J.: 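The structure under discussion is supplied below as structure tokens; questions concerning it will follow.
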Amino acid sequence: MTTGAHDSPIDAYLDALLVALRSTAPRHARQLLAEAEAHLRDAADDAVAAGMTRADAEADAVRRFGPVGGVAAAEQARRPATVGAVVRQCVASGWFLGAVGAIAVGISGAIAAVLGVVGGDRFLADNPGRLLSPADCTRWLALAPSASNCHQAAITDWAGETVFYRIAFGLVGLAALAVFVVARGRLSRRGRWIALPATVVDTVAVTAFGASGVWLLGMGLDAVLHASGHGAGQWLSAAPVSLAAAAFFGFRLLRDLRSAPGPNPDAGALVVA
């Protein structure tokens, strides 16, 4: 196979296919590449014999063979995944979604801090129906000596926790995402990285973030309507973040579905045993 800046369309296609098959067993990957190369070169030779130029013939053969992603996906789908592979896929994808979720929580903490400044601690974290024990009151008053009563001291503490713990959780999410990116890069170079299909990951994300966003928005509106807005900020600070994440993954899901390759009889015939 030739290499360099002037690779033919077939050579470039085979290089891309080799990369796409990195999670396939080496022997099966070699067999599929050999079959694909033989098919592509035979098709190009026939087109040249019919009067096409070599470059046009190879480009046409590649186009008719189908996208690299479709061929690789067909090979992976044809082979039943082992339990270990499924577990690794779920762990990798869950790791990614967990990190994104934690970052979303951190962003909601920053929004909560702004709402606390604008609307006050009572808007952010009030809980009018909660019974305050004497021991708790002593602790809260010690933490907020300027508070006029136990309830006010408790609200100050709750508001601070709402902001602090969310932002801390977001920082953990950033660290987890950084480790995820590094691990994915290293394992991908070794051909050992596997994850759930993008459509599955995006569907789970849209469902989780969308349902959470609607629920959080409902809780916030309920607090506004039935509790004079007391504590509404803790919900309203998180709802837009969840809904924005749902929209982002929704657009990704639509892109995944639109770019999904259709069936290709020529490529399907070359899936090796």
Side-chain angles (χ1 to χ4, degrees), residues 14-33 36 66-109 165-213 238 241-262 267 271-272:
L14 293 173
D15 289 343
L17 182 58
L18 176 61
V19 174
L21 292 173
R22 59 182 178 271
S23 61
T24 305
R27 178 173 300 178
H28 297 304
R30 290 198 307 271
Q31 291 174 342
L32 181 60
L33 284 170
V68 167
V71 177
E75 168 65 11
Q76 294 173 354
R78 189 189 66 81
R79 300 190 178 281
T82 64
V83 174
V86 172
V87 170
R88 292 197 301 273
Q89 286 178 314
C90 291
V91 169
S93 300
W95 185 356
F96 168 72
L97 291 178
V100 172
I103 293 172
V105 171
I107 296 174
S108 77
Y165 286 121
R166 289 189 188 183
I167 292 178
F169 202 62
L171 294 176
V172 172
L174 284 173
L177 184 61
V179 175
F180 171 86
V181 172
V182 173
R184 182 181 61 181
R186 292 183 177 180
L187 292 176
S188 295
R189 288 193 294 271
R190 300 175 186 174
R192 299 177 59 187
W193 178 262
I194 55 175
L196 293 172
T199 51
V200 175
V201 175
D202 292 342
T203 299
V204 172
V206 169
T207 303
F209 282 114
S212 298
V241 182
S242 291
L243 294 175
F248 170 76
F249 283 103
F251 282 121
R252 279 198 8 158
L253 178 59
L254 289 176
R255 182 198 62 191
D256 297 338
L257 295 175
R258 288 175 179 174
S259 62
V271 176
V272 295

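Not measured: the values here are computed from a predicted model.
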J.: Under the rule for side chain to side chain contact (heavy atoms under 4.5 Å, CB included), what residues qualify as partners of Thr207, not counting sequence neighbours?
T.: Thr203
J.: Please enumerate all residues that pass side chain to side chain contact (heavy atoms under 4.5 Å, CB included) together with Ser212, with sequence neighbours excluded.
T.: Ser242
J.: List for me each residue that meets side-chain hydrogen bond (donor to acceptor under 3.5 Å, both in side chains) alongside Ser108, sequence neighbours excluded, and say none if there are none.
T.: Arg166
J.: To the nearest 0.5 angstrom, please state how far the CG atom of Leu33 sits from the CG atom of Leu18.
T.: 5.5 Å
J.: Can you confirm whether more than 12 heavy atoms, excluding those of Phe180, are under 6.0 Å from its CZ atom?
T.: yes
J.: So, taking the atom named OG1 in Thr199 and the one named CZ in Arg255, what distance separates them when rounded to the nearest 0.5 Å?
T.: 11.5 Å
J.: Tell me which pairs pass side chain to side chain donor-acceptor pair (under 3.5 Å) where either residue lies in residues 244-253, with sequence neighbours left out.
T.: Asp202-Arg252
J.: Identify all side-chain donor-acceptor contacts of residues 93-104 below 3.5 Å with residues at least two apart in sequence or on another chain.
T.:
unit_1, atom_1, unit_2, atom_2, d
Ser93, OG, Gln89, O, 3.1
Ser93, OG, Leu196, N, 3.0
Trp95, NE1, Ala176, O, 3.2

J.: Among all residues two or more places apart in sequence or in another chain, which pass the ring-ring contact (aromatic ring centres under 6.0 Å, His included) test with Tyr165?
T.: none
J.: Taking all non-hydrogen atoms of both residues into account, name the closest pair between Ala36 and Leu14 and its distance.
T.: CB-CD2, 4.2 Å
